[in-house]
Asks: 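Quick one: the structure is below, questions incoming.
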Amino acid sequence: MNTASPTPSAPDTLTLYGETFQSRLLLGTARYPSPSTLKAAVQQARPGMVTASLRRQTSGSAEGGQSFFELLRELGVPVLPNTAGCHSAQEAITTAQMAREVFNTPWIKLEVIGDDYTLQPDTLNLVAAAETLVKSGFKVLPYCTEDLILCQRLVDVGCQAVMPWAAPIGTGRGPVNPYGLQVLRDRLNVPMLVDAGLGLPSHACQVMEWGFDGVLLNTAVALAQDPVAMAVAFADAVRAGRAARRAGAMQPQASAQPSTPVLGTPFWHHAPA
């Protein structure tokens, strides 16, 4: 379990499916202005994993192909393939199986899109695909909404972590349902990473303060005016939010409280008006 700890000085690595990662920030690899910018962003931010789309990398695009695989190897960061663009359980399962062969990893970020406008997951097919992939030995990280029952079903079929969105992919709006995310965090006892919709480092810091175990980003970094600097800012925000969570924040008070105690101050400070 990777939620709050009472020992802030203890090592703070991320553990998923029994494997340890050195950072709670995961970065996507799409839409960067150039491969060199992507490489610099990853090298500076030092994410725990980088995501890669099998569809994009095998499409023959300028940023895909063999050169991209060579770049991933040079980065030396674990790769998390994804099933981006899949619209059915079977399509996602087939893509995951291909990704396992291409990237030589059992890890998969599972996406089954149900609506092309919001890119909201098809929750029924997501659970079905997750169950099949878990039974096939995959380490599934499902992209989902903050719906409590959906996330519970994903855990029931064997997912050892879930990745609820903060907002629709690519919007950068930040957490649009703070209540739902916090209820989800409180109710489920598995690692949870917020995936999609974060636009600012403060958004990442906020969800880490709520007890989430990590965040996955792409667009907010890739489309920043300075992607490398933004990647570093997000890495710092994730660490700050996590540190604050572990430190234990004070409870909000209904009324003002003096920061300086009145005990020991001169007597006239206590005299009635």
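In this text the structure is predicted, and so the values were computed from the model without any measurement.
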Asks: What is the distance from atom CG of N82 to atom CG of L216, rounded to the nearest 0.5 Å?
Replies: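 So the CG of N82 and the CG of L216 are separated by 9.0 Å.
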Asks: Within the side chain of T94, is there an N or O that forms a donor-acceptor pair under 3.5 Å with the backbone of Q90?
Replies: yes
Asks: Can you name the ring-ring contact (aromatic ring centres under 6.0 Å, His included) partners of W210, sequence neighbours left out?
Replies: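 Applying ring-ring contact (aromatic ring centres under 6.0 Å, His included) to W210 gives none.
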Asks: In a table with atom names and distances, give each donor-acceptor pair under 3.5 Å that connects a side chain of residues 173-182 to protein atoms at least two apart or in another chain.
Replies:
unit_1	atom_1	unit_2	atom_2	d
N177	OD1	G180	N	2.9
N177	ND2	E146	OE2	2.8
Q182	NE2	P178	O	3.2

Asks: Tell me the side chain to side chain donor-acceptor pair (under 3.5 Å) pairs involving residues 129-142, sequence neighbours left out?
Replies: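 Every pair satisfying side chain to side chain donor-acceptor pair (under 3.5 Å) with a residue in residues 129-142: E19-K139, E131-K135.
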Asks: Would you say the side-chain atoms of T83 pair up with the backbone N or O of C86, donor to acceptor, closer than 3.5 Å?
Replies: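 Side chain of T83 to backbone of C86: no pair is present.
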Asks: Sequence neighbours excluded, which residues qualify as side chain to side chain donor-acceptor pair (under 3.5 Å) partners of R239?
Replies: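 Checked R239 against side chain to side chain donor-acceptor pair (under 3.5 Å); matches are D236.
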Asks: Show every donor-acceptor pair shorter than 3.5 Å between a side-chain atom in residues 195-209 and any protein atom, with sequence neighbours excluded, or say none if there are none.
Replies:
unit_1	atom_1	unit_2	atom_2	d
D195	OD2	K109	NZ	3.0
H203	ND1	G199	N	3.0
H203	ND1	L200	N	3.1

Asks: In residues 150-164, what donor-acceptor pairs under 3.5 Å come from side-chain atoms, sequence neighbours left out?
Replies:
unit_1	atom_1	unit_2	atom_2	d
Q152	NE2	D156	OD1	2.9

Asks: Do T95 and E91 meet the criterion of a side-chain donor-acceptor pair at a distance under 3.5 Å?
Replies: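 E91 and T95 do not have a side-chain donor-acceptor pair below 3.5 Å.
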Asks: Hey, is the main chain of F21 close enough, under 3.5 Å, to the side chain of T13 for a donor-acceptor pair?
Replies: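 A pair under 3.5 Å: no.
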Asks: State which residues pass side chain to side chain donor-acceptor pair (under 3.5 Å) with S88; sequence neighbours excluded, sorted by chain then number.
Replies: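 Once residues adjacent in sequence are excluded, S88 has no partner under the side chain to side chain donor-acceptor pair (under 3.5 Å) criterion.
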Asks: Does Q120 have any side chain to side chain donor-acceptor pair (under 3.5 Å) partners at least two apart in sequence or in another chain, and if so, which?
Replies: none
Asks: At what distance, to the nearest 0.5 angstrom, does CG of L217 lie from CG of L26?
Replies: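 Here the rounded value is 9.0 Å.
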Asks: Could you tell me whether R245 and D213 have a side-chain N and a carboxylate O separated by less than 4.0 Å?
Replies: no
Asks: Which heavy atom of V190 sits nearest to which heavy atom of R185, and what is that distance?
Replies: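 Closest pair (atom of V190, atom of R185, distance): O-NH2, 2.9 Å.
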Asks: So how far is it from D12 CG to S23 OG, rounded to the nearest 0.5 Å?
Replies: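 The OG atom of S23 is 9.5 Å from CG of D12, to the nearest 0.5 Å.
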Asks: Mind checking what makes side chain to side chain donor-acceptor pair (under 3.5 Å) contact with T105, not counting sequence neighbours?
Replies: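 T105: no side chain to side chain donor-acceptor pair (under 3.5 Å) contacts found.
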Asks: Apply side chain to side chain contact (heavy atoms under 4.5 Å, CB included) to D226 and list each qualifying residue two or more places apart in sequence or on a separate chain.
Replies: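 Applying side chain to side chain contact (heavy atoms under 4.5 Å, CB included) to D226 gives V228, A229.
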Asks: I'd like to check the side chain to side chain contact (heavy atoms under 4.5 Å, CB included) partners of Q253; sequence neighbours left out, ordered by chain and number.
Replies: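 Listed in chain order: M250, Q251, Q257.
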Asks: Side-chain contact test, heavy atoms from C-beta onward, threshold under 4.5 Å: evaluate it for V50 versus L72 and give yes or no.
Replies: yes
Asks: Output the distance between atom CE (M49) and atom CG (L25), rounded to the nearest 0.5 Å.
Replies: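 One finds 12.5 Å between CE of M49 and CG of L25.
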Asks: Under the side chain to side chain contact (heavy atoms under 4.5 Å, CB included) rule, collect the residues that match up with I113, sequence neighbours excluded.
Replies: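 Residues passing side chain to side chain contact (heavy atoms under 4.5 Å, CB included) with I113: H87, E111, D116, L119, Y143.
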Asks: Check L184 against M192 and note the closest heavy-atom contact, atom names and distance.
Replies: O-CE, 3.3 Å
